[in-house]
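Input: a single structure, listed below in structure tokens.
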Amino acid sequence: MSIVVLISGRGSNLQAILDADLPVTAVISNVAGAGGLELAARRGIPTRVVKHGDFQTREAYEEVLAAEIDRFAPKLLAHAGFMRIVTAGYVARYAGRMLNIHPSLLPSFTGLRTHERALAAGAKLHGCTVHFVTPELDAGPIVIQAAVPVLANDSVETLSKRVLRQEHIVYPRAIRWFLEGKLVIDNGRVSVKGNDAQYLFDDKS
Ligand code: GRF
């Protein structure tokens, strides 16, 4: 039972996963000096850096990345702020055992700058989604979502903070469900054995 976590930055979702005592056996970053590497190292978890810039093609990069991942024989691959678009070949290799967290209520606002775009659209609810990774960007089967209100005086900063608090709740929860073998994907739709609620709504913060 092991998880490899892929990151690119500060690693607050990684921190939440570690705080939930989930069995992380390695943390891999595509960015040298990413904050999450330090978090992992402090806990004695092996870290690796595979810089995408060192490779000519996505495929060449992913070959080396996958070799590093496979060294740890993970049951689950968790993308946690891993800011790389991956190829269909990579997705196929880890199909059904790769999760991602995205800072919007998918299918709204796939891609980048989600908080800015939700504010610009005048959305009244925003949030985050944990989903299985499929070849189409931010479009895989949804495991759990958390919604927060968008307040009249919100900035990107205040809104992203409110969403991030929920990310730190739902990602560890989704990972635990996966490791416990509770997630069932049927026709692109995910259910949880035991019928645990697959949504959260926080209107108090
Ligand atoms: C999070 O908002 C995550 O949803 C997005 O990138 C951010 C990563 O933050 N994909 P952190 O590195 O986990 O703090």
Side-chain angles (χ1 to χ4, degrees), residues 3-22 24 26-43 45 47-52 65 76-86 90-91 94 98-120 123 125-150 154-176 178 198-200 202 205:
I3 311 163
V4 168
V5 181
L6 263 59
I7 62 165
S8 299
R10 74 192 147 178
S12 70
N13 278 287
L14 168 67
Q15 175 82 63
I17 292 165
L18 294 171
D19 288 347
D21 281 331
L22 290 161
V24 176
V27 173
I28 303 177
S29 172
N30 65 321
V31 177
L37 291 169
E38 178 65 32
L39 289 176
R42 253 188 269 140
R43 298 200 185 210
I45 296 168
T47 61
R48 300 278 185 277
V49 175
V50 186
K51 286 189 264 174
H52 57 275
L65 178 63
L76 175 72
L77 197 52
H79 286 191
F82 181 57
M83 306 302 281
R84 294 296 300 163
I85 291 177
V86 290
Y90 173 89
V91 172
Y94 302 106
M98 178 162 45
L99 292 174
N100 181 46
I101 183 141
H102 182 75
S104 78
L105 292 174
L106 292 172
S108 293
F109 308 120
T110 59
L112 299 174
R113 298 181 297 99
T114 55
H115 308 302
E116 186 184 321
R117 288 157 59 211
L119 284 172
L125 285 173
H126 186 42
C128 58
T129 303
V130 179
H131 64 94
F132 282 95
V133 178
T134 56
E136 199 185 333
L137 181 69
D138 301 327
I142 292 172
V143 177
I144 185 168
Q145 295 187 301
V148 301
V150 180
D154 261 334
S155 61
V156 167
E157 201 195 352
T158 57
L159 182 57
S160 63
K161 253 182 154 169
R162 192 174 308 118
V163 171
L164 196 62
R165 267 199 294 275
Q166 300 306 306
E167 295 186 33
H168 298 162
I169 298 170
V170 293
Y171 209 4
R173 190 171 298 182
I175 290 174
R176 198 176 299 284
F178 180 89
Q198 288 169 268
Y199 59 87
L200 273 184
D202 178 33
S205 55

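We number each residue from 1, following the sequence as shown. Order of listing sets the numbers, starting from 1, for every ligand and every atom in it.
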Starting at [atom1] of [X], measure out to [atom2] of [Y] and round the result to the nearest 0.5 Å.
X    : Y    : atom1 : atom2 : result
N100 : Y171 : CG    : OH    : 5.5 Å
H52  : N30  : NE2   : CG    : 5.5 Å
R84  : L6   : CZ    : CG    : 11.5 Å

List the closest protein heavy-atom neighbour of [atom]: residue, atom name, distance to the nearest 0.1 Å.
atom                   : result
atom 1 (C) of ligand 1 : E167 OE1, 3.1 Å
atom 9 (O) of ligand 1 : R10 NH2, 3.2 Å
atom 5 (C) of ligand 1 : P103 CD, 3.9 Å
atom 6 (O) of ligand 1 : G81 CA, 3.6 Å

Can you list the residues that meet the salt bridge (charged side-chain N to carboxylate O under 4.0 Å, His left out) rule with D19, with sequence neighbours excluded? R43
Identify whether the distance between the nearest side-chain nitrogen and carboxylate oxygen of K161 and E157 falls below 4.0 Å. no
With P103, which of Q166, H126, H115 fulfils side-chain contact (heavy atoms from CB on, under 4.5 Å)? H115
Give yes or no for whether the N/O distance cutoff of 3.5 Å, strictly under, is met between I101 and ligand 1. yes
Can you find an N or O of H102 that's nearer than 3.5 Å to an N or O of ligand 1? no
Under 3.5 Å, sequence neighbours excluded: what are the donor-acceptor pairs made by side chains of residues 134-144?
residue: T134; atom: OG1; partner: G140; partner atom: N; Å: 3.4
residue: D138; atom: OD2; partner: H102; partner atom: ND1; Å: 3.4
residue: D138; atom: OD2; partner: G111; partner atom: N; Å: 2.8

Nearest to atom 13 (O) of ligand 1 by heavy atom, L39, L164, N13, V163: which? N13
Does ligand 1 have any atom that is closer than 4.0 Å to a heavy atom of C128? no
Sub-4.0 Å atoms of ligand 1 with respect to non-hydrogen atoms of G11: 11 (P), 12 (O), 13 (O), 14 (O)
